[in-house]
Structure formats: C-alpha cells, structure tokens
K.L.:
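Below you'll find the structure I mean.
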Amino acid sequence: MGLHLIIAANSTNFLTNTWNVFTRYHVMFLNAIKSTLLVAFVGTIVGLLIGLIIGGVRAVTSNQEHNQKTSAKIINKIIYAITSIYVEVFRGTPMMVQAMFLYYTFFAPVFKWSPLASAMVIISINTGAYMAEIMRSGIQSVDKGQVEGARSIGMNNFQTMRYIVLPQAIKNSFPSIGNEFVVNIKDSCVLNCITFSELFFAAKSVQGSIFSYAEPFLIVGILYLILTFITSRILGLIEKRMNHRKSSYPSSVTTPNSSVMKG
Amino acid sequence: MANIIKIHHLHKSFGQLEVLKNIDFHVEQGEVITIIGSSGSGKSTLLRCINLLEMPDGGEILYHDQDILKNGININEHRTHVGMVFQSFNLFNNKNVLENCMIGQMKVLKRSKQEAEEKAMYYLEKVGMKEFAHAGSMQLSGGQKQRVAIARALCMDPEVLLFDEPTSALDPEMVGGILDVMKQLASEGLTMIVVTHEMAFAKEVSSRVIFMDQGVIAEEGTPQELFEKPKQARTKEFLHRYRSTSV
Ligand SMILES: Nc1ncnc2c1ncn2[C@@H]1O[C@H](COP(=O)(O)OP(=O)(O)OP(=O)(O)O)[C@@H](O)[C@H]1O
Ligand SMILES: [Mg+2]
C-alpha cells in the first residue's frame with residue numbers, strides 16, 4: 001500500500017514538474033515546433049519535386065522499348081544507373097550520417113550555409129530518393145492503355161507524362177507521399193546533429209539546463225505525437241476529397257441509344 | 001480515287017516470333033476496310049503499325065506517298081491524321097468526358113480552349129454523349145466509354161480512323177449502338193480500317209475485307225467475294241469455324 005502511495009505521489013509530482021518545465025520553456029518548444037514543421041514541409045515538397053523528376057526519368061528509362069535505337073538504349077542505361085546510385089545511396093545510409101558528412105565537409109565550411117538552410121537541403125535530398133521510388137512505382141502502376149490513348153492522339157512523351165500519367169501516379173501514390181511527410185516530422189530529429197534547433201534539439205537543451213531527461217523528452221514526445229496525429233488526419237481528409245471528386249453526372253439521363261445520332 | 005495508305009513488304013517480329021510476314025495492301029480515300037482472322041494472326045499488330053504504336057522491322061508504310069518509317073517524319077503529327085480506337089477504350093481516367101476530347105486539341109493541335117470545347121461538344125453530340133460532357137470517364141458504361149473514345153479521336157480531325165475490335169469488350173446490348181456510330185461515320189466518307197469479329201457489320205459496311213492468317217494476308221476481296229465465295233481453304237475453314245461457334 002505504502003509503495004502505491006509513493007508512486008502516486010511521485011507521478012503527480014512528476015506531471016506537475018513536466019508542466020512547469022513546459023511553461024517555463026514554452027517559447028523554445030514552440031519555436032522548435034515551427035522549425036520541425038518547416039523542414040518537414042519543405043523537405044516533403046522539394047523531395048516530391050525531385051521524386052517527380054528522378055522517378056519520371058527512371059520510369060521512362062527503365063522500360064526498354066524494342067523499337068529503340070541502340071544509342072538511345074545505352075543512354076537510357078547510363079541515366080538509369082546514375083539515378084540508381086542517388087536512390088540507393090540516400091536510402092541506404094542513415095540521414096544522420098548524410099547530414100554530418102555533407103554539413104561539416106561542404107555546407108558549413110565551403111558554402112557557409114546556416115544549420116536551417118543545410119537541414120532543408122539534406123532532408124530534401126533524402127526525401128527525394130524515397131519519393132523517386134514512390135513515383136516510379138506510381139508511374140508504373142498507371143495502366144499502359146492510358147499512355148497508348150495519349151500517344152494515339154499525337155501527344156509526345158513529355159505531354160503524356162505531364163497531363164496523363166503523372167496526375168494519376170500522384171493520386172495513386174498520395175498515401176505514400178503523405179506518409180513521407182509524417183516520417184519527416186519525426187525523422188527531422190536527427191538533424192539536431194548539425195545544431196539545427198528543432199524539437200529534439202530543444203529537448204536536449206532543456207535537459208542540459210535542468211539536469212533531467214524525463215520531463216523535456218516527455219514533452220517533445222507528446223508534441224511529436226500531436227503533430228503527427230493532426231498531420232495524418234489532414235492527409236486522410238485530403239485523400240478522401242481526392243477520391244470523391246465532384247462530378248455532375250446526370251442521374252436522369254439513361255444510356256443514350258443510337259437514335260440520338262442523326263448528324 | 002487516291003490511295004491514302006500503301007503498305008509494302010511490311011515485317012514485324014517480337015523477339016523470335018514473326019508476327020507480320022510481308023504484308024502488302026492499300027487503302028483508298030473513303031474506303032472501309034475490315035480485317036478479320038483468328039486470334040494471334042497479327043491483326044492488332046498490323047493496325048498498331050499503321051499509326052506507329054508498334055515500329056515495324058521492315059517494309060514501307062506510305063501515307064499520301066510519304067514513307068512514315070523514314071527518319072525525320074513527325075510521328076506525333078502522323079498520329080493526328082491517323083487516329084485509333086481501342087478495344088479497351090483507354091479514356092484518360094484523370095479527365096472528364098469533355099476534357100478527354102479537348103486535351104489533344106489544345107496540347108497537340110494548339111487550338112484555343114473555346115475552339116476545342118466547341119468541337120468536342122459537336123462530336124460528343126454526334127456520338128450521343130453530349131449530356132455526359134461533365135461526367136467523369138470512370139463512371140461510364142463500356143458502351144458510353146467507347147462513344148467518348150470515338151469522339152476523342154474525331155476531335156483531332158483525322159483522315160483515317162483505325163478501330164481495333166471496338167466492340168469486343170462490350171456487353172452484347174451495347175454493341176449495336178457502337179456499330180451504328182461507325183456505320184454513320186462510314187456513310188459520311190471517313191476512311192476506316194476496322195479489326196472486328198462482327199461479321200454482319202463487316203458484310204454490310206466494308207468496301208473490302210482482309211482475312212489474315214498467321215501473319216499474312218491470306219485473302220482479300222469485297223464482302224461478297226470473301227464471305228460468299230472464299231477462294232482459300234483456310235478462309236473457308238475460318239468462316240465455317242466462326243459460324244459454328246457464334247450465335
Ligand atoms: N508487345 C508484344 N510482345 C510480344 N509479343 C506480342 C506483342 N504483341 C503481340 N504479340 C504476339 O504477336 C502475335 C499477334 O498478336 P496480335 O495482337 O497482333 O494478334 P491479333 O490478330 O490481334 O489477335 P486477337 O484477335 O487475339 O486480338 C500473338 O502471338 C501475340 O502474342
Ligand atoms: Mg488483337
């Protein structure tokens with residue numbers, strides 16, 4: 001019984017402490033939320049753009065058409081290989097390692113970039129590699145008939161991609177794209193290693209001033225959870241909206257018969 | 001009458017499989033050619049070669065006496081002159097009916113939005129789909145999709161329209177309507193090449209019928225010649241087999 005009381009007393013104590021820590025350092029935490037959301041958002045959008053381009057290029061260069069010239073085939077293979085290196089390297093190594101290497105060898109000493117600018121670039125390049133694979137499979141999931149329909153009315157490769165294939169590929173892979181955003185909110189925490197002050201960095205600073213781990217990390221844990229929860233809900237709503245696109249399908253009109261055809 | 005399309009010694013292989021073996025034929029302005037033949041005989045491949053969805057390995061395809069297989073020919077422009085209607089419709093899923101008919105006009109032919117819309121509505125009315133202009137293309141029945149696909153092709157003002165089994169994916173009650181649309185187009189003088197299993201349609205509408213077998217044109221003639229008095233044994237066999245299996 002006595003033990004229970006002590007635990008109960010301790011935990012109320014602990015929660016009060018945590019709340020006090022939060023109110024004391026709330027400006028720091030709120031600024032950190034902004035930084036986290038900013039890099040996660042920029043990283044996802046720029047990563048998506050990179051993914052659209054690289055994924056599109058990979059989808060085009062990966063299927064060897066039998067009617068291609070040999071020179072075109074070789075060029076395709078080279079482009080595919082180069083993009084493969086990018087995708088494999090950035091998906092196959094931890095973002096923390098990428099951040100440490102790029103920031104301390106190039107971004108800070110050579111380009112004189114701030115931690116914020118460097119963080120945005122690193123998370124964008126990293127997300128781009130994932131998005132490239134998401135878009136490649138999204139593009140390949142679009143029915144081949146869509147491409148043939150577009151080519152049959154004279155659209156070139158670029159127009160077919162731009163107006164027919166990519167819109168469908170983005171729609172098909174929207175859940176994966178949105179998931180990258182949620183992942184970025186969480187994984188941007190590794191960017192604390194280049195002194196970028198996002199949520200994790202804030203928790204570490206607070207921990208350094210109050211000499212206690214529990215309160216600050218509980219606080220950022222809850223903050224991360226709130227951010228990812230809200231983000232997932234919003235993405236879910238957008239996805240629903242995309243699948244129920246407005247249409248003015250006339251319910252009163254039945255299947256037309258050929259008698260309408262009196263041109 | 002002028003030859004629009006002349007095909008000489010056309011060859012096409014997929015790997016080891018020789019699908020088209022030395023095909024020769026020509027199409028005159030306003031003709032309706034139907035191509036019949038058993039599955040795998042190369043009908044689709046031949047049709048797809050004519051608007052270069054497949055690249056032939058050898059031979060010539062002359063369009064208005066110009067070889068479209070030569071380097072420097074604008075393939076995309078050629079496809080606006082020689083349109084295609086597919087068995088599987090291939091409407092753009094991300095576009096509504098009207099947009100399906102406008103996008104090619106605007107992006108390929110660089111027509112203004114207004115002009116494209118007028119033309120699209122004209123052809124949608126012609127195929128009986130005007131009321132569905134703003135419906136999503138995924139919501140339509142097969143027959144409706146094929147009507148829209150025909151309108152989409154017509155919007156490019158093609159000189160020749162290729163049809164690859166346009167009614168094969170349709171419920172039986174939808175077939176007649178599509179064939180009526182095609183008959184109407186034929187009667188208006190559109191040049192058409194139609195791969196079909198609809199023998200009654202072939203008999204009624206064709207100027208000439210081509211029977212393909214194992215990658216060659218086995219026999220060619222007017223519908224009367226081919227259906228009433230086929231010369232080749234394999235034509236007879238195909239028609240016989242066809243009559244006994246179809247209702
Ligand atoms: N892209 C391709 N790659 C490999 N083989 C192919 C390809 N397209 C067609 N073939 C083969 O070529 C042959 C002819 O095909 P094609 O589609 O032209 O026949 P078809 O006469 O249209 O038959 P169906 O009546 O079944 O449509 C078939 O054996 C087919 O398997
Ligand atoms: Mg076929």
Side-chain angles (χ1 to χ4, degrees), chain A residues 63-73 138-139 141-174 241-263, chain B residues 14-15 48 51-57 75-81 83-86 88-96 100 103-105 107-109 125-136 139-141 143-144 147 149 152-153 155-156 162 174 176-181 184 188:
Chain A
N63 51 13
Q64 298 287 337
E65 284 178 39
H66 39 82
N67 52 13
Q68 270 171 342
K69 292 201 194 82
T70 333
S71 57
K73 276 184 185 163
I139 288 167
S141 75
V142 174
D143 176 25
K144 262 195 81 188
Q146 297 289 303
V147 175
E148 298 210 327
R151 302 315 301 269
S152 78
I153 55 171
M155 284 196 200
N156 62 30
N157 256 323
F158 177 77
Q159 291 167 330
T160 304
M161 265 289 166
R162 163 82 178 72
Y163 299 110
I164 307 302
V165 178
L166 283 185
Q168 296 184 48
I170 291 177
K171 192 179 165 198
N172 291 350
S173 36
F174 186 80
R241 277 284 270 288
M242 280 168 71
N243 291 335
H244 296 272
R245 271 269 297 283
K246 57 158 180 69
S247 87
S248 35
Y249 186 72
S251 49
S252 60
V253 181
T254 47
T255 309
N257 58 45
S258 51
S259 66
V260 187
M261 254 210 53
K262 296 216 171 87
Chain B
F14 292 111
R48 292 163 59 83
N51 84 344
L52 298 180
L53 284 177
E54 301 290 353
M55 262 309 162
D57 301 322
I75 293 180
N76 294 317
E77 195 199 322
H78 174 71
R79 291 188 179 127
T80 65
H81 302 309
M84 179 110 173
V85 173
F86 302 87
S88 50
F89 327 123
N90 295 349
L91 291 186
F92 306 135
N93 294 334
N94 58 326
K95 308 243 167 263
N96 70 21
N100 260 278
I103 180 108
Q105 298 188 65
K107 301 303 172 190
V108 180
L109 301 177
E125 178 163 22
K126 198 175 175 69
V127 300
M129 288 299 290
K130 192 180 174 189
E131 294 83 349
F132 291 81
H134 297 284
Q139 300 163 315
L140 306 177
S141 74
Q144 293 171 332
R147 286 166 190 269
R152 176 177 75 180
C155 281
M156 306 303 285
L162 312 174
M174 299 289 180
I178 296 298
L179 294 180
D180 287 344
V181 171
Q184 173 86 23
E188 289 170 8

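The figures here come from the full heavy-atom set of this structure, side chains too, leaving out hydrogens, waters and symmetry mates. Residue numbering restarts at 1 for every chain, and letters A, B, ... go by the order of the sequence lines.
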K.L.:
For chain A, which candidate among B:N51, B:N93, B:V85 shows the most heavy-atom pairs at distances under 4.5 Å?
P.N.:
B:N93
K.L.:
Got a second to check how far B:E131's CD is from B:Q144's CD, nearest 0.5 Å?
P.N.:
10.0 Å
K.L.:
Tell me, for B:L91 versus chain A, whether the close heavy atoms (under 4.5 Å) come from the side chain, the backbone, both or neither.
P.N.:
backbone
K.L.:
Which answer fits A:Q146, side chain, backbone, both or neither, if we ask what part of it has an atom under 4.5 Å from a heavy atom of chain B?
P.N.:
both
K.L.:
Provide the closest heavy-atom pair for A:M161 versus A:I139 in the form atom of the first, atom of the second, distance.
P.N.:
CE-CG2, 3.8 Å
K.L.:
Name all residues meeting the side chain to side chain contact (heavy atoms under 4.5 Å, CB included) criterion together with A:A150; count only those two or more places apart in sequence or in a different chain, and write none if there are none.
P.N.:
A:M155, A:T160, A:I164, B:F92
K.L.:
With chain B as the partner, which of A:I153, A:V142, A:V147, A:D143 has the greatest number of non-hydrogen pairs under 4.5 Å?
P.N.:
A:I153
K.L.:
Partners of B:K130 by salt bridge (Lys or Arg N to Asp or Glu O under 4.0 Å), sequence neighbours excluded?
P.N.:
B:E125
K.L.:
Within the side chain of B:R147, is there an N or O that forms a donor-acceptor pair under 3.5 Å with the backbone of B:V127?
P.N.:
yes
K.L.:
I'd like to know which of B:M84, B:M156, B:H78 tops the heavy-atom pair count under 4.5 Å against chain A.
P.N.:
B:M156
